[in-house]
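Report on the structure given below.
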Amino acid sequence: DTGVSQDPRHKITKRGQNVTFRCDPISEHNRLYWYRQTLGQGPEFLTYFQNEAQLEKSRLLSDRFSAERPKGSFSTLEIQRTEQGDSAMYLCASSLDDPGRGETQYFGPGTRLLVL
Amino acid sequence: AQTVTQSQPEMSVQEAETVTLSCTYDTSENNYYLFWYKQPPSRQMILVIRQEAYKQQNATENRFSVNFQKAAKSFSLKISDSQLGDTAMYFCALNAGNNRKLIWGLGTSLAVNP
C-alpha cells in the first residue's frame with residue numbers, strides 16, 4: 001500500500017492557462033474525491049467518483065473545471081482559463097466503500113497551485 | 001443541513017502534557033461517522049481517529065482518544081503526552097447518511113511547546 005499520490009506537487013501558471021492534475025488512489029479503493037483547500041481553511045468538496053462514474057459535483061465547480069476517472073483508476077482534474085482565485089491546494093482522497101462499516105477517506109499530499 | 005464547528009482557532013500545550021480539542025456537529029441522520037484529521041505545516045492530511053455513531057465506546061488510538069457525546073453532538077479529541085510532532089492543524093469532519101463528502105470544521109491550530 002503506497003498511499004494516495006498526486007502529481008505535480010506544485011504548479012505555477014499564468015492567468016488564462018490550462019492546468020491538469022493527476023491523482024492515483026490506493027489500488028483497491030473504488031471511491032475518489034477531489035477537494036480544494038485555501039490557506040487557513042478546511043477542505044471544500046469539489047467532486048467524487050465511484051469507480052469511473054462521477055456521482056456528485058459541487059456548485060463550487062464552475063464550467064472551467066472538469067474531472068475524469070477513466071477505467072476507475074487514476075483521476076485527472078483540469079482547470080481551463082485559470083484565474084487568480086483558483087490558487088489553492090487541491091487535495092485528492094480515496095476510500096473503499098464498505099456497506100455497513102462506512103468509509104474512511106485517505107488523502108494524498110496535494111497539488112499546490114499558484115496562478116500569477 | 002450538516003455542520004461541524006470547531007470553536008478553538010488556536011491552542012498550545014507544553015510537551016508531555018494533555019490537551020483537548022473541541023468539536024460540535026449537527027446532523028439529522030442516525031447513521032454517521034466522525035473523524036479527526038491532522039495536517040502538519042505544509043504536509044499531508046493524515047487520519048488521526050474515527051468514531052462510528054452507533055458505537056457507544058469512545059475510540060482510542062495510542063495517545064489519541066475521543067470523548068463522543070452523542071446527545072450533545074460533541075466529539076472532542078484528547079491528546080495525551082503531547083509531542084513536538086503533534087504540532088499541526090487539526091480538523092474535525094463528519095460523514096453522514098448518503099452524503100459521501102466530508103463536512104469539515106475550520107480547524108484548530110495546535111502548537112506543542114518544548
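Note that the structure is a prediction, hence the values are computed from the model and not measured. Every chain is numbered from 1, with letters handed out A, B, ... down the list of sequences.
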Measure A:E56 against the heavy atoms of chain B and call it side chain, backbone, both or neither at under 4.5 Å. side chain
Option among B:T24, B:L94, B:D26 that satisfies the side-chain contact (heavy atoms from CB on, under 4.5 Å) test with B:T3: B:D26
Examine whether an atom of B:L106 lies under 4.5 Å from a heavy atom of chain A, and if so say whether it belongs to the side chain, the backbone or both; otherwise answer neither. both
On the six-membered ring of A:Y48, is A:R31 placed so that its NZ or CZ lies under 6.0 angstrom from the centre and within 45° of the ring axis? no
Under 4.5 Å from a heavy atom of chain B, the part of A:Q37 involved: side chain
Any non-hydrogen side-chain atom of A:F21 less than 4.5 Å from a side-chain atom of A:Q6? no
Using a cut-off of under 4.5 Å on heavy-atom pairs, state which of B:F91, B:W104, B:F35 scores highest against chain A. B:W104
Taking all atoms of both residues into account, what is the closest heavy-atom pair of B:F75 and B:Q51, and its distance? CE1-CB, 3.4 Å
So, taking the atom named NZ in A:K71 and the one named CG in A:N51, what distance separates them when rounded to the nearest 0.5 Å? 14.5 Å
By a 4.5 Å heavy-atom criterion (distance strictly below it), what part of B:Q6 contacts chain A: side chain, backbone, both, or neither? neither
Greatest number of heavy atom pairs closer than 4.5 Å to chain B - which of A:A93, A:G42, A:P43: A:P43
Portion of B:Y32 that has a non-hydrogen atom of chain A nearer than 4.5 angstrom: neither
Mind checking whether A:F65 and A:Y90 have parallel, tilted or perpendicular rings, split at 30° and 60°? tilted
Side chain, backbone, both or neither of B:I103 within contact of chain A (heavy atoms, under 4.5 Å): neither
